[in-house]
Asker: 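Just dropping this structure here.
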Amino acid sequence: MPHELPKAYDPTAIEDHWAAYWVRENLFAQPTPTAGDASGEPFTILLPPPNVTGRLHMGHMLNQTEMDILTRWQRMSGRRALWLPGTDHAGIATQMMVERQLASEGKNRQEMGREAFIDRVWEWKRHYGGAILDQMKRLGASVDWQREYFTLDERLSVAVREAFVRLYEQDMIYRGAYIVNWCPRCQTAISDLEVVYDEHKGHLWEIKYPVLGNDGQETGEFLTIATTRPETMLGDVAVAIHPEDERYLHLHGKKLKLPLLEGDKAREIPIILDDWVSRDFGTGAVKVTPAHDPNDFALGQRHHLPSINVMDDAAHINAEGGKYAGLDRFAARRRIVEDLEALGLLVAVKDHTHNVGHCDRCKTVVEPRLSLQWFVKIQPLADRAIAAVKDGHIKFTPEMYEKTYLNWMENIHDWCISRQLWWGHRIPAWHCSTCHKVTVARVDPSACAHCGAAMLTQETDVLDTWFSSGLLPVSVFGWPNLTSENISDFDTFYPTSLLVTGFDILFFWVARMIMLGCWFAGDVPMSDGSARDLKDSVPFREVYIHALVRDANREKMSKTKGNVIDPIEIVKQYGTDAVRFTLAAMASPGTDIAFNVDRTEGYRAFANKIWNAARFLFMNVTRAREAGFRIDSKNISKGITQDLSSPLESQWIVHQFNLTIALVNAALEDYRFDEAASYIYKFVWHNFCDWYLEGIKLRLTFDADVSVDANVSIHMLLAVFEGSLRLLSPFMPFLTEELWWALHEDNPPLKSIGLARFPEFSSQLVNIRAETTFSEIQDLVTSIRELRKSLLIGDNETTPVEIHVITSPESTNIEEAFRNNTDLLRRYVRISDVNFKSAPLHGPQVRHTPNFDVAVVYERTPDVHSERERLTKDIAKYEKGMAAAERQLGNEGFVAKAPAHIVEGLKKQAAETQLLLEKARAALAALPPE
RNA sequence: GGGCGGUUAGCUCAGUUGGUUAGAGCGCCUGCCUUACAAGCAGGAUGUCGGGGGUUCAAGUCCCUCACCGCCCACCA
């Protein structure tokens with residue numbers, strides 16, 4: 001144990017070593033349970049799988065820190081903890097990344113072909129895909145690396161395919177032509193969630209369409225429509241007006257000529273009547289373009305109108321656009337506006353601010369566009385997902401997210417799950433070129449299921465990435481192939497205990513997991529063969545949603561703003577533990593975290609403080625051994641007892657430690673990382689270091705015969721410090737691991753402190769008497785220090801003090817504690833004689849507390865001016881307190897209705913305040929003039 | 001348009017089911033190399049709890065209202 005530690009803690013010197021050790025030794029692996037395995041109750045948690053394209057950012061680090069704290073805490077508390085990591089193939093993002101790489105080589109995927117391109121993506125993935133998990137390893141995340149998965153792994157792909165086929169068989173998947181959000185750059189459909197809307201200052205163009213008479217000739221009258229996307233008029237099939245709009249009553253039944261399109265594309269379009277049209281927007285007349293607008297599509301359905309798609313996959317105008325064919329949509333817009341103006345059909349261009357949808361991934365303006373896609377019928381899934389939450393089988397923290405979730409789920413639309421990408425799970429459907437029907441199958445079919453023809457081509461679309469990640473809670477535990485070997489994984493670890501995530505993927509992922517989990521797990525029988533009810537079908541029992549990490553100025557971190565804090569950089573600078581502690585301490589629910597390195601600096605200091613406490617301890621162990629004391633490092637973990645014959649500070653620190661355990665446990669139960677962190681901080685720094693260590697110096701004298709207190713004290717010191725390391729370990733795994741090994745002279749009872757037991761609260765360790773008497777000693781010490789300061793007594797000067805303990809029910813204890821601990825007092829403050837007086841003390845060198853008066857005997861008196869200031873301020877404070885107390889106590893309602901302990905407490909406090917007030921007044925009056 | 005959150009010390013934030021005179025860290029001021037730690041020790045200053053109204057014996061805490069900041073959902077062409 002005589003460990004030579006450097007004077008200052010240097011995290012970089014130890015962290016890499018421990019991070020590698022934890023991974024190498026597989027310390028946190030949680031193997032598939034075997035029969036009769038009596039390990040603790042499972043605590044299962046899935047890592048929200050980062051994208052393979054991802055680089056670790058502060059949000060990840062917050063997320064991982066919280067999960068790691070909880071997992072380590074649960075593991076140390078005896079639960080069978082499994083934290084399961086993996087990565088997501090991230091369809092669009094990854095494909096984009098590789099396409100960009102290809103572009104820099106002057107290539108593109110189309111000329112490469114699908115297979116070669118996919119090979120290339122795999123190669124990319126092998127090369128870069130592990131980056132984020134490597135970073136995670138470096139941060140010490142206590143995950144089971146042996147279970148690491150990738151969403152395109154064979155076994156997870158089987159699950160995806162099974163899920164698709166099953167839903168299809170259950171008539172829950174259909175294919176059809178609907179308006180979807182289309183990204184012209186990614187050239188794929190995207191779901192509603194993948195569209196982000198930005199406010200955009202655009203225009204509202206008012207265009208007049210010629211009205212046709214019954215003879216088909218222009219009547220000279222016009223109907224003016226308003227649009228924000230003039231180019232879509234090429235696909236217009238009608239103009240809609242409100243049936244009761246008095247301005248247009250005479251146009252009912254009439255047709256219009258669609259301007260611009262000539263020759264074989266020229267067309268007449270009807271004026272249709274629909275309540276949906278709002279009379280006060282624009283001109284009250286709406287062009288109807290079913291192929292390019294969701295509302296128009298609905299309108300088209302109601303009125304049996306055709307849909308004319310005028311754009312290709314890249315949002316260039318197609319052949320339907322006549323002379324505009326080939327133009328990009330925005331170029332077409334400009335040209336069309338020019339042409340309309342030339343024709344005199346452009347009535348007005350008005351400024352109009354509206355929301356424009358952009359592709360979440362590449363920020364391209366999305367184009368609502370009619371296309372053939374695969375959809376999941378969502379209502380049956382949503383019904384279960386709603387019930388699961390409403391019935392309390394899934395609990396959200398903070399609670400408000402339950403409302404958000406339900407609100408979304410209750411207004412959900414069918415889910416477009418097909419993507420026109422190459423990277424992803426290819427949809428297991430085959431098109432028959434003979435009968436044109438679709439065959440969906442678990443194994444690649446050789447013949448059409450409908451007509452038997454062999455001319456099958458597989459669907460080229462892949463599935464939305466969230467379809468596979470939505471299945472993770474079931475698929476990672478072996479579903480659908482639940483053999484006897486992996487059924488126990490499923491039995492043991494499903495439902496998972498908790499999901500920790502940010503609200504940004506509440507709908508993308510959390511909601512989908514709930515829907516898919518409830519749907520598919522519901523079919524898996526319980527281990528005893530009985531049917532699984534909804535309660536046990538949910539993918540997780542609790543969801544903890546954390547805040548966003550912002551920069552120190554509360555700005556959202558973004559690459560464009562250049563204010564992104566790289567966690568790895570900060571970690572290098574301050575140490576992982578300090579950064580973890582910062583995140584934990586600032587993670588109060590419902591509020592975003594303004595990440596400020598000033599705080600991290602403070603927690604680095606905290607780590608250093610602990611380091612130095614350890615140095616102090618080792619130093620004393622060495623001294624003790626040199627003096628012949630026997631200290632066996634094997635006995636350290638024997639446990640802590642409350643020894644009523646031990647010195648006061650030892651009894652007190654055991655009591656405080658015990659109390660802190662209870663507080664930390666309670667805080668973590670409620671995901672109050674901030675509270676847990678602050679209880680630990682306060683205990684370690686302000687109780688353990690400031691008071692206990694300073695006090696114990698008195699006992700740690702290892703000269704020959706003064707042995708009893710020294711022996712008791714050094715062992716108590718070791719035990720409490722070791723316990724504190726375990727308490728702190730989930731928050732600061734590196735530092736605590738290092739010191740724990742040092743404490744055990746590199747021969748600890750377990751391979752890691754992370755496998756040791758978390759301290760447990762024990763009512764046996766409660767010691768109220770030690771708490772109250774020590775707290776009086778603290779008051780006494782503080783009063784004397786304050787007095788000495790005001791008397792300008794040098795820090796090295798020793799002075800006598802006088803104490804008068806005020807008569808009260810506790811005063812015997814207090815006086816006894818003071819008398820018995822004068823030597824301890826001398827450790828805390830430079831005093832010589834301590835004289836107890838039976839009469840109250842007065843004068844400028846006295847301080848008053850509710851329980852005692854204390855005077856420092858010194859020839860000098862305090863500075864009259866500052867003394868007057870202090871007393872005046874005190875008096876004001878006391879008077880304010882008295883006024884408040886009298887007001888309340890004089891109020892009959894209060895005395896009659898308030899609980900007795902409140903009234904009694906106030907009375908007692910008022911009496912004390914009155915006393916202090918009188919003393920302060922007297923002291924002020926006694927002050928000599930300045 | 002609908003919904004939600006926030007506003008407490010110079011800064012960043014706590015503040016349990018309403019209960020005695022509102023807290024922490026950082027920063028600031030003063031004094032200290034006290035043999036674990038200057039990344040330290042000791043002491044100190046700092047608040048009309050966003051404004052207004054109400055309920056209550058009692059409001060930072062509950063209700064109403066206004067203001068400002070932020071987020072989510074919807075997408076009326």
Side-chain angles (χ1 to χ4, degrees), chain A residues 5 7-9 192 195 197 204 225-229 232 240 276-278 280-283 285-289 293-296 299 354-357 398 400-401 403-404 407-408 411 503-504 506-507 548 552 554 578 585-586 588 590-596 598-599 601-620 670 672 674-675 678 681-682 689-690 693-694 697 782 785-786 788-790 792 794-796 829-830 870 873 877-878 880-885 887-888 891-899 901-910 913:
Chain A
L5 298 181
K7 196 166 165 181
Y9 174 51
D192 295 350
V195 178
Y197 289 91
L204 195 59
I225 57 91
T227 181
T228 54
R229 294 188 296 154
T232 61
W276 172 81
V277 178
S278 82
D280 40 356
F281 187 88
T283 61
V286 198
K287 60 194 271 311
V288 179
T289 322
D293 184 279
N295 291 309
D296 294 8
L299 219 47
H354 60 134
N355 287 329
V356 175
M400 60 164 174
Y401 286 107
K403 243 191 260 175
T404 313
N407 186 48
W408 185 80
N411 295 293
F503 60 79
D504 49 331
L506 181 60
F507 306 136
L548 208 66
R554 304 199 58 73
M586 298 187 79
S588 39
T591 323
D592 285 347
I593 294 176
F595 189 89
N596 192 335
D598 290 353
R599 287 289 287 266
E601 219 164 291
Y603 294 124
R604 178 185 59 177
F606 180 51
N608 189 54
K609 186 79 181 170
I610 297 160
W611 183 260
N612 276 291
R615 290 180 62 224
F616 171 81
L617 180 152
F618 292 135
M619 187 189 89
N620 279 288
D670 291 339
R672 291 302 305 259
D674 58 329
E675 285 185 357
S678 108
Y681 182 91
K682 186 164 185 237
C689 292
D690 287 352
L693 285 191
E694 287 309 316
K697 285 174 181 171
T782 309
R785 282 173 178 167
E786 212 177 293
R788 286 168 53 94
K789 202 82 169 180
S790 71
L792 303 174
D795 284 11
N796 292 326
V829 60
R830 292 293 178 97
R870 181 181 69 81
K873 203 172 266 177
K877 189 176 74 183
Y878 296 144
K880 191 179 154 210
M882 281 313 295
R887 197 171 53 241
Q888 288 199 67
N891 184 325
E892 284 175 27
F894 172 75
V895 180
K897 293 183 187 173
H901 74 277
I902 298 290
V903 179
E904 285 313 306
L906 186 61
K907 275 184 185 161
K908 186 175 172 220
Q909 188 179 26
T913 305

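Being a predicted model, the structure only gives us computed values, none of them experimental.
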Asker: In whole angstrom, give me the gap between the P atoms of B:rG19 and B:rU61.
Answerer: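 So the two P atoms sit 11 Å from each other.
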Asker: Nearest whole angstrom, please: distance from the C1' of B:rC26 to the OH of A:Tyr681.
Answerer: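 About 9 Å, once rounded to whole Å.
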Asker: Quantified in whole Å, what is the P atom distance between nucleotide B:rC69 and nucleotide B:rC28?
Answerer: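 One P to the other, the span is 32 Å.
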Asker: Round to a whole Å and report the spacing from CD of A:Glu675 to P of B:rG23.
Answerer: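 About 17 Å, once rounded to whole Å.
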Asker: Where does the angle between the aromatic ring planes of A:Phe507 and A:Trp408 fall among parallel (under 30°), tilted (30 to 60°) and perpendicular (over 60°)?
Answerer: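 Correct class here is parallel.
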Asker: If the C1' atom of B:rC64 is compared with that of B:rG1, how far apart are they to the nearest Å?
Answerer: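 One C1' to the other, the span is 23 Å.
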Asker: What integer number of Å spans the C1' atoms of B:rG50 and B:rG6?
Answerer: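 Pairwise C1' distance, B:rG50 against B:rG6, rounds to 11 Å.
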Asker: Short question: side chain of A:Arg599, backbone of A:Met586 - any donor-acceptor pair under 3.5 Å?
Answerer: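 No; zero donor-acceptor contacts below 3.5 Å.
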Asker: Between B:rU20 and B:rC11, how far is it from one P atom to the other, in whole Å?
Answerer: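 Their P atoms lie roughly 27 Å apart.
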Asker: I'd like to check A:Lys907 versus A:Val903 (side-chain heavy atoms, cut-off strictly below 4.5 Å). Are they in contact?
Answerer: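 Side-chain contact under 4.5 Å: yes.
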Asker: Would you name the heavy atoms of A:Ala226 and A:Gly282 that are closest together and state the gap between them?
Answerer: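 Scanning both residues completely, I find the closest heavy atoms to be CB-CA, 4.1 Å.
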Asker: In whole angstrom, what separates A:Gln909's CD from B:rU20's P?
Answerer: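 Whole-Å distance recorded here is 9 Å.
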Asker: Any heavy-atom pair between the side chains of A:Thr232 and A:Lys287 that's under 4.5 Å?
Answerer: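 Yes. Closest side-chain heavy atoms under 4.5 Å.
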Asker: When rounded to the nearest Å, what value does the distance between C1' atoms of B:rA22 and B:rU16 take?
Answerer: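 After rounding to an integer number of Å, I get 15 Å for this pair.
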Asker: Taking only Watson-Crick and G-U wobble pairs with both distances under 3.5 Å, what dot-bracket line describes RNA chain B, where [ ] shows pairs that cross earlier ones and | shows pairs with another strand?
Answerer: (((((((..((((.....[...)))).(((((.......))))).....(((((..]....))))))))))))....
Asker: Could you report the tightest heavy-atom contact between A:Leu693 and A:Ala613, atom names first, then the distance?
Answerer: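 Closest approach of A:Leu693 to A:Ala613: CD1-CB, 3.8 Å.
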Asker: I'd like to compare against my own output: the B/S/- annotation of nucleotides 36-46 of chain B with a strict under-4.0 Å heavy-atom distance to protein.
Answerer: BBSBSSBSSSS
Asker: For A:Asn596 and B:rC26, give me the distance from atom CG to atom P, rounded to whole Å.
Answerer: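 My rounded result for the distance is 12 Å.
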Asker: Nearest whole angstrom, please: distance from the C1' of B:rU48 to the NZ of A:Lys880.
Answerer: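 To the nearest whole Å, that distance equals 10 Å.
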Asker: Quick one: A:Arg599 CZ to B:rU12 P, roughly how many Å, whole number?
Answerer: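 Atom-to-atom, A:Arg599 to B:rU12, this comes out as 12 Å.
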Asker: For a quick check of understanding: with a heavy-atom distance under 4.0 Å over all strands, which category does A:Met586 fall into, base, sugar-phosphate or nothing?
Answerer: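 Result for A:Met586 = sugar-phosphate.
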Asker: Side chain to side chain donor-acceptor pair (under 3.5 Å) with A:Asp296: which residues, sequence neighbours excluded?
Answerer: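 A:Asp296 satisfies side chain to side chain donor-acceptor pair (under 3.5 Å) with no other residue.
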Asker: Could you run through nucleotides 55-60 of chain B and give me one letter per nucleotide, 5' to 3': B if any protein heavy atom sits under 4.0 Å from the base, S if only the sugar-phosphate is that close, - if neither?
Answerer: --B---
Asker: Between B:rG3 and B:rA9, how far apart are the P atoms? Round to whole Å, please.
Answerer: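 To the nearest whole Å, 30 Å.
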Asker: Ring-plane angle category for A:Tyr9 and A:Trp611, please: parallel below 30°, perpendicular beyond 60°, tilted otherwise.
Answerer: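 Answer is tilted, since the angle falls between 30° and 60°.
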Asker: Could you tell me how far B:rG31 sits from B:rG47 if I compare only their C1' atoms? Round to whole Å.
Answerer: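 The same atom, C1', in both gives a distance of 27 Å.
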Asker: Measure across A:Asn608 and A:Ala8 and return the closest heavy-atom pair with its distance rounded to 0.1 Å.
Answerer: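 Heavy-atom minimum between the residues: OD1-CA, 3.5 Å.
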Asker: Any base atoms under 4.0 Å from A:Arg870, or only sugar-phosphate, or nothing? Heavy atoms, all strands.
Answerer: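 It contacts nothing in the nucleic acid.
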Asker: Tell me, do A:Thr404 and A:Leu506 make a side-chain contact under 4.5 Å, heavy atoms counted?
Answerer: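 Result yes, sub-4.5 Å side-chain heavy-atom pair found.
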Asker: Are the side chains of A:Arg830 and A:Asp795 in contact, using a 4.5 Å heavy-atom criterion?
Answerer: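 Contact flag for A:Asp795/A:Arg830 side chains = no.
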Asker: Would you name the heavy atoms of A:Gly357 and A:Val195 that are closest together and state the gap between them?
Answerer: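 Closest approach of A:Gly357 to A:Val195: CA-CG1, 3.6 Å.
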Asker: Could you tell me how far apart A:Tyr603 (OH) and B:rG25 (P) are, to the nearest whole angstrom?
Answerer: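 So the two atoms are 9 Å apart, to the nearest Å.
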Asker: Which residues satisfy the ring-ring contact (aromatic ring centres under 6.0 Å, His included) test with A:Trp276, sequence neighbours excluded?
Answerer: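 Result, ring-ring contact (aromatic ring centres under 6.0 Å, His included) vs A:Trp276: none returned.
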Asker: What is the distance, to the nearest angstrom, from the CZ atom on A:Phe618 to the C1' atom on B:rU35?
Answerer: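 Spelled out: CZ on A:Phe618 to C1' on B:rU35 is 18 Å.
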Asker: Closest heavy-atom contact between A:Lys609 and A:Cys689?
Answerer: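 Reported closest heavy-atom pair: CE-CB, 3.6 Å.
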Asker: At under 4.0 Å between heavy atoms, which parts of nucleotides 72-77 of chain B does protein reach? Answer with one letter per nucleotide, 5' to 3': B base, S sugar-phosphate only, - none.
Answerer: -SBBBB
Asker: What pair of heavy atoms forms the shortest contact from A:Ile225 to A:Thr283, and how long is it?
Answerer: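 Where A:Ile225 meets A:Thr283 most closely, the heavy atoms are CA-OG1, 3.5 Å.
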